[in-house]
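FYI, side chains are in, hydrogens and waters are out, and symmetry mates aren't considered; it's all heavy atoms of this structure. In what follows, chains are A, B, ... by sequence order, proteins preceding strands, each numbered from 1.
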Amino acid sequence: MKYTRIKGTVDIYGDEMDYWLAIENATRQVANLFGYSEIRTPIIEPTELFVRSVGQETDMVQKEMYTFTDRGGRSITLRPEGTAPVVRAFIENSMINLGFPQRFFYIGPMFRYERPQKGRQRQFHQVGFELLGPSPTADAEIIHIAVRILKEIGLSKFKVVINSIGCDKCRPRYKEALKEYYSHHLDEVCDDCKRRYSTNILRLLDCKVDVEIAKAAPKSVDYFCDECREHYTRLKDLLKLLDIDFEEDHRLVRGLDYYNRTVFEIRHELLGAQDAIAGGGRYDKLVEELGGPHVPALGFAMGMERIILAMKEEGVKPPEALQHQVFIAHVGDVMEPVFRLAEDLRREGITVDVEVMERSLRAQLKHADRIGARIVVIAGENELSRDVVVVRDMESGEQSEVDLGFAVDFIIDKLKKM
RNA sequence: GUGGCCAUAGCUCAGCUGGUAGAGCGCCUGACUGUGGAUCAGGUGGUCGUGGGUUCGAAUCCCACUGGCCACCCCA
């Protein structure tokens, strides 16, 4: 094979596309119901944008970015996530003048240079929502939307996990407590944890090896400042009001530096190692960090590939995006009336395939059957010389001769009854 | 970046201890000269992932590379 896909990428087509459209349709529908407008930002951004926002020390920046130098000598990166570009666009276009709050959603490809596995590719796709606003009500709304979309798609076997990692004011105290605690267990934890003890102490909490040690570790809740405690408590109350089931997990910390206070994840029960189908949190300092005004905000992203895996695991079938309704088979020199009939039907919103291969009638019927056409119109010289066509119901096999002038009404009527 | 398993027709796979490729499905044609789905018959289709090595001879053994899957790491 001469040319093949780049490692970690896939071609999406055919029946598979139905899954994608189901997710996109659910997203747009829910976005519309909650008043979110779509934003499309470039796929390439200055490298520095992600270094600043996601964090110099994160794995995403350290070893997962697709970065290259363009012909002008600029360092460019294929976006590894969607929040930083949205915030950049918000600042650059002075959207602050549009008033508050502001609500955005996006759908598109992201790129991370990782080793592919189940639920993980190098080019993957996310649906994301961002809400620029400060209150716990905003947090509840964002989680509400994520759950709503998943339900709209037809999923049910997932759970919402939430936590708060405090803010700049109270997190240092919490980190101290963790260091103190882990200093007594350093010889028991895994090598990764030993390394992160000094680089990123919070991450020791979600280590999968030393689960018991992490479970017994100090919890952020016990170190919150008054504001963080109030925010977190209020969020939980609001989620209950919205009838959203959630679990608290003090070990949930996220890998992006910009998060503070609320973080959450939605995990699917039937997936493998990569079971997080959505994740997000609050980022109150990010807008300022990127040179904008003080604008507290939060958001989340859902992994479309993972949602499709979840749909398949749960047996959720997306609706067929393309339904072949009418196939026009023709024999002989009859194109003028055939084209006219096809156009008349399409004007009524009916999907019409016209034979373009000049095959035998038998082959045309076979093709019509394969694409799932409900009705086949047989237009031959025999019929058209008498100004009629044959209309065949492909399910029952019933055929009727219909005057050309009544064919459209006849077919519309027949489709309605199917 | 690390580890395990894997790579034969469009798809799913067989091919035992080395003797130079097969099935099912699909696709095309015909039986049915202008009528799909069933059946039957015929046909199409592969430099056995790539490169090298061992051998008289390699799809089969060895090495490297590439790619795939799964897991680690990390994340959606």
* Asked: OP1 or OP2 of B/A71 less than 4.0 angstrom from a side-chain nitrogen or oxygen of A/Gln117, does that happen here?
  -> yes
* Structure fact -> From the candidates B/C27, B/C75, B/A71, the one with an atom nearest any side-chain atom of A/Leu256 is B/C75
* Structure fact -> Comparing A/Ala379 with A/Gly119, nearest RNA chain B nucleotide closer to 5' gives the residue A/Ala379
* To do: Looking only at side-chain atoms of A/Arg112, point me to the closest of B/G1, B/C75, B/G34.
  => B/C75
* With a 3.5 Å cut-off and just heavy-atom distances, do the side chain of A/Arg115 and the base of B/C70 make a donor-acceptor pair? -> no
* To do: Before accepting this row, confirm whether a basic side-chain N of the pair A/Asp243/A/Lys240 lies closer than 4.0 Å to the acidic partner's carboxylate O.
  => no
* Asked: Under a 3.5 Å cut-off on both pairing distances, which runs of 3 or more consecutive Watson-Crick or G-U pairs involve RNA chain B?
  -> B:1-7 with B:66-72, B:10-13 with B:22-25, B:27-31 with B:39-43, B:49-53 with B:61-65
* Nearest-Å distance once atom P is located in both B/C73 and B/U55 -> 46 Å
* Among the nucleotides B/C73, B/G34, B/G68, which one has an atom lying closest to any side-chain atom of A/Leu361? -> B/G34
* Asked: Atom CG of A/Asp257 and atom C1' of B/C75: how far apart are they, to the nearest Å?
  -> 14 Å
* To do: Compute both the distance and the angle, then confirm whether A/Arg79 meets the cation-pi test with A/Phe111: under 6.0 Å from the six-membered ring centre, within 45 degrees of the axis.
  => no
* **Carboxylate-amine/guanidinium proximity below 4.0 Å for A/Glu265 and A/Lys159** => no
* **Proximity to the side chain of A/Ala363 - top-ranked nucleotide from B/C27, B/U35, B/U29** => B/U29
* Asked: Using a cut-off of 4.0 Å between protein heavy atoms and nucleotide atoms, how would you tag nucleotides 38-44 of chain B 5' to 3' with B, S and -?
  -> -------
